[in-house]
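Side chains are part of it too, since the values below use all heavy atoms of this structure and drop only hydrogens, waters and symmetry mates. First the proteins, then the strands, lettered A, B, ... as listed; each starts at 1.
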Number of protein chains: 2
Amino acid sequence: MALRHAVLAVLLDGEYSGYQLAKIFDVSCSNFWYAVPQQLYAELTKLERAGLIAGRQVIQHDRPNKRLFTVTPAGLAELAAFAAVPSKPSSIREDLLVMVQAVDRLDPAPVIAQLEERAVIAAAKVELFDRMLRQLRGDLTEETFLRESDRIGPYLTCLRGRGFEQENREWCERVAALLRARAPVSS
Amino acid sequence: MALRHAVLAVLLDGEYSGYQLAKIFDVSCSNFWYAVPQQLYAELTKLERAGLIAGRQVIQHDRPNKRLFTVTPAGLAELAAFAAVPSKPSSIREDLLVMVQAVDRLDPAPVIAQLEERAVIAAAKVELFDRMLRQLRGDLTEETFLRESDRIGPYLTCLRGRGFEQENREWCERVAALLRARAPVSS
DNA sequence: CAGGAATAGTCATATCATTGAGTATGGTTC
DNA sequence: GAACCATACTCAATGATATGACTATTCCTG
């Protein structure tokens, strides 16, 4: 029952189609939730049936028609109710950490390779988030923007995503260098 | 197919019963994977049937009997195969972030309360991880331990857990303070 | 004009995860 | 001695997620 709230939260920003949502929720740029398109289309159907969002058909001539969705007052109330109940911390589940946990008893080479690859990915995401942040705050300083803008939610979640990826990158680089130094391998 | 590898990775450290594993995988101290007891018992059954772990019955007189499990050579091979295939980054899914994403259109009071609560929880986990790290490295310095010990996997994952919670704490505190400053509320 | 990419979406299925309720034993505390 | 907690584990039902295969349209490129 949480994907639905993530969808509602994103639709607060404006009308989106399932396809557009799919891009927002994609791994490459989702800073607070991830979902595949199929999940989103299914969720949109449920949300519409529940009266929490309203869809309208848009006829297009240059590409397939689409349906754009907006949050209804009932949807906003649902979000408010969601925000009112205490949430549990999300659980950590990361394959790469499992590998590092076991690395003493395994060949470290593939683990090192993955750590280095992940560090690069994390660095790219940090840069992506930096671009998103700059775009969101326009020509204001961060401080001014956060004090005065009336739409800071996406900026704040983006900050969290940036912090996570920065941490991730530093850890991956440190661990990779360490494992390399301990067991000099060719790869 | 990832819980199974997490279980194998933990069982590398020694014999454990399902009940002991359940404690290790509990939210309060799991730094790289989380699972409820029922999942673990089910997974242990599957792993034993697949020959990846071996269990032995231990008769106890002061409390119920238990079964202790160890990784078999086949299990170690399975872990090695797992570490060899590239893993996907885990997806972010955090209720609290969904709330912050939507906070501009909601009453900020309950969100602020949850952020402050979460900051306290994160701070407690940082301290817990610090204690675990100290215990793991004994009287060695971190640098010496990481260079010379032959069991650094758990230490490294613990470092990642600490970094995550530290980041989390700082973000929660900052965002809570910011939202408080923007909309002075009673709560 | 064939092939591929982008847009826009659907269906089916299998596995995974969550939740709640149980069973059983022994020790401790009030 | 009743209640409660810790150990140790099981079963069942539901809900969420992941995976793969599909349909359809239009635009752009070679």
- Message: Applying a 4.0 Å non-hydrogen cut-off, can you work out what A:Arg93 is touching in the nucleic acid: base, sugar-phosphate, or nothing?
- Response: sugar-phosphate

- Query: Within a radius of less than 6.0 Å around CD of A:Glu143, do more than 12 heavy atoms belonging to other residues, nucleotides or ligands occur?
  - Reply: no

- Note on the structure: Residue pair B:Ser17/A:Asp62 against DNA chain D: nearer the 5' end by closest nucleotide is B:Ser17

- Note on the structure: Between A:Tyr41 and A:Arg63, whichever has its closest DNA chain C nucleotide further toward 5' is A:Arg63

- Query: Which sits closer to the 5' end of DNA chain D, B:Lys88 or B:Gln60, going by the nucleotide each is nearest to?
  - Reply: B:Gln60

- Query: First contact, last contact: which nucleotides of DNA chain C are these for chain A, 5' to 3', heavy-atom distance under 4.0 Å?
  - Reply: C:dA6 to C:dT19

- Query: Which part of the nucleic acid, if any, lies within reach of B:Gln39 when heavy atoms closer than 4.0 Å are counted: base, sugar-phosphate only, or nothing?
  - Reply: base

- Just checking, is any N or O donor in the side chain of B:Arg118 or A:Ser87 under 3.5 Å from an acceptor N or O on the other one? yes

- Message: Can you confirm if the NZ or CZ of B:Arg160 lies within 45° of the ring axis of A:Phe164 and under 6.0 Å from the centre of its six-membered ring?
- Response: yes

- Note on the structure: Closest heavy-atom pair, B:Ala9 versus A:Gln101, reported as atoms and distance to 0.1 Å, is CB-CG, 3.9 Å

- Query: Would the number of heavy atoms belonging to other residues, nucleotides or ligands and lying under 6.0 Å from CD of B:Glu148 be above 12?
  - Reply: yes

- Message: Tell me whether the rings of B:His5 and B:Phe82 are parallel (<30°), tilted (30 to 60°) or perpendicular (>60°).
- Response: parallel

- Query: Just by distance, do the side chain of B:Arg182 and the backbone of A:Ser149 share a donor-acceptor pair under 3.5 Å?
  - Reply: yes

- Is A:Gln114 reaching over with its side chain to a backbone N or O of B:Ala83, donor-acceptor style, under 3.5 angstrom? yes

- Contact interval (first through last nucleotide) of DNA chain D with protein chain B, 4.0 Å heavy-atom: D:dA6 to D:dT19

- Query: Do the non-hydrogen side-chain atoms of B:Tyr41 and B:Leu21 ever get within less than 4.5 Å of each other?
  - Reply: no

- When the rotation axes relating C1' atoms of four end pairs to the next four are compared across the helix from C:dC1-D:dG30 to C:dC30-D:dG1, five pairs an end, they differ to 10° by 30°

- Task: Please name the pair of heavy atoms, one in A:Glu43 and one in A:Val7, separated by the smallest distance, quoted to 0.1 Å.
- Result: CG-CG2, 4.4 Å

- Please confirm whether the backbone N or O of A:Gly51 pairs with a side-chain atom of A:Thr72, one donor and one acceptor, at under 3.5 Å? yes

